[in-house]
2 protein chains.
Amino acid sequence: MCEARLLSVCKAVPEADLARLAGTTTMIELDKGQVLIREDDPSAYLFNVTAGALKIYKLLPDGRRQVLGFLFIGDFLGFGGQTNYGFTAEALTPVQLCRFPRQRFMRLLDECPSLEHEVLGKASSELSCAQEHMVVLGRKTARERIASFLKDLSIRTERLDRSIEQIHLPMTRTDIADYLGLTTETVSRVFTEFRQQGRIRLEPDGNVHLLDPSGLEAIAEGKEPRSRERTPARK
Amino acid sequence: MCEARLLSVCKAVPEADLARLAGTTTMIELDKGQVLIREDDPSAYLFNVTAGALKIYKLLPDGRRQVLGFLFIGDFLGFGGQTNYGFTAEALTPVQLCRFPRQRFMRLLDECPSLEHEVLGKASSELSCAQEHMVVLGRKTARERIASFLKDLSIRTERLDRSIEQIHLPMTRTDIADYLGLTTETVSRVFTEFRQQGRIRLEPDGNVHLLDPSGLEAIAEGKEPRSRERTPARK
DNA sequence: CGACACCTTGACCAACGTCAAATCCGGTGG
DNA sequence: CCACCGGATTTGACGTTGGTCAAGGTGTCG
């Protein structure tokens, strides 16, 4: 009977089965900075975020880090690797989650097709997000990456709150850099550039106002004039 | 009753339901270069590759391209965007596919939990692949990207054929570049470097021999000293 | 044999990374 | 209330990886 139920996978579970789900579910709380799951650990549990924000990331042996995404209320966490987690998850803020034992949850899927539908839907939309992010990482410039990032957060914020032109960044510049395949310095420089251009306003507490959403949108989509464009040969 | 059945999602369908699935399924064939689905088109069908290879990609307005992946026999294609495709799919070789009407297929999922399990499994493992590729795109050098690419193909080849140290590249250098977030020139230069170091042998028909799998593995994982070359060139 | 698409190679260059230092800011303790 | 500390952020100078541009090579097919 959690408050986030309408946002979570649980919304797909009919009343009759809800008790069974609840019986095996534990409420978990984490402080900022605490690690929820560790890459390559056996995936004994699945989770549903009911409050707060997390980052998930993978590490290379030499310490390079790729942040795969940020999770907020309603996000589901755990599918992917069949037997072991494929990434580390760490709290960006104090976090509250529902924890489901993996085996039990999987068994419940058999008996509750609407739940499996819901989970498949979550997996599909995560896959879409991942594919969109590949475009960002593979083909966009630093400015385009930052603009895409701000736009994405704005859209996700919109789905929860209603304010679309003010967003909150619970993560550090380093997290953003590791998400976008950049360095903190580059992230900082682009933020400064956008600020000086009047496109955003940065507050010290991590709030950001999008003063020029459509301009950011244009940059994000690569519709902005770039110095050199691939146009039909000029000679 | 297709030959690829044991590799495809259909393997999860019990005999009883198989007729219903078959009744709505069409066999599709494409020539090299033909487009199967186009980004943003309504997703009326889902597909299962039964022969050949395809690439899937997204385009930016100015023509920049990100190849999201390559599909081979057994790969499933179509989930993701709920109502429209999220990418274009184009044949790299002559291709054969099973085509399922989306609506019908979705309805069949309700009645056949093992099929839905299978699809969810495919979606999950695609998500894992996508996340792994984010690390490649966001945090690896050109050499590491190429080494990762060769290793991935080697592992996928292993699952189908048995040869792990000889792989085939049905795609062009440009496709590889657009998959790895590089340019054709860089891909070509790294191939040349690996060839000169005796790590690979390139044949004109697209076959590649991995002469030094463990060296490539080390490079792919970023375990290689970031400095200069290694091992004497064997040519 | 020639056209064409693909691939390789070379010279140059710029976007972004690296390294270093200054600044900001929240928290802590006197 | 204020001085101080440490981590986060910003800013600047400079370097490098990989992109750009251009030319030439190679294989295929009609």
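Quantities reported herein were computed from a predicted structural model and do not represent experimental measurements. Proteins get letters first, then strands, A, B, ... in listed order; numbering begins at 1 in each.
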- prompt: To the nearest Å, how far apart are B:R145 CZ and D:dT17 P?
  reply: 14 Å
- prompt: Taking NZ from A:K140 and C1' from C:dC16, how many angstroms apart are they, rounded to a whole number?
  reply: 18 Å
message: Looking only at the side chain of B:A142 (C-beta and beyond, no hydrogens), which of the listed nucleotides D:dT10, D:dG18, C:dC7 gets closest?
response: D:dG18
query: Taking atom P of C:dT8 as reference, at what distance in whole Å does atom CZ of B:R195 sit?
result: 7 Å
statement: Residues B:I167 and B:S154: closest non-hydrogen pair is CG2-CA, 3.6 Å
query: Going by modelled atom types, is there a donor-acceptor pair between the base of D:dT20 and the side chain of B:R189 at under 3.5 Å?
result: yes
task: For B:T174 and for A:D205, find the nucleotide of DNA chain C with the closest heavy atom, then tell me which residue's nucleotide is more 5'.
output: B:T174
statement: Closest non-hydrogen contact found for B:P170 with B:F72 is CG-CE2, 4.2 Å
field: B:T184, nearest nucleotide to its side chain (from C:dT8, D:dG19, C:dC16)
entry: C:dT8
task: List the atom of A:K58, the atom of A:E39, and the distance in Å for their closest heavy-atom pair.
output: CA-OE1, 3.5 Å
- prompt: Atom CG of B:L182 to atom P of C:dA15: distance rounded to whole Å?
  reply: 18 Å
query: Quick one: the side chain of B:E185 and the base of D:dC21, do they pair up donor-acceptor inside 3.5 Å?
result: yes
- prompt: Has B:T192 got a side-chain N or O lying under 4.0 Å from the OP1 or OP2 atom of C:dT8?
  reply: no
task: For the side chain of A:P204, starting at C-beta, report the closest nucleotide among D:dT9, C:dG26, C:dT9.
output: C:dG26
query: Can you say whether the rings of A:Y179 and A:H133 are parallel (under 30°), tilted (30 to 60°) or perpendicular (over 60°)?
result: parallel
message: Please determine whether a side-chain nitrogen or oxygen atom of A:T186 lies at a distance below 4.0 Å from atom OP1 or OP2 of C:dG17.
response: yes
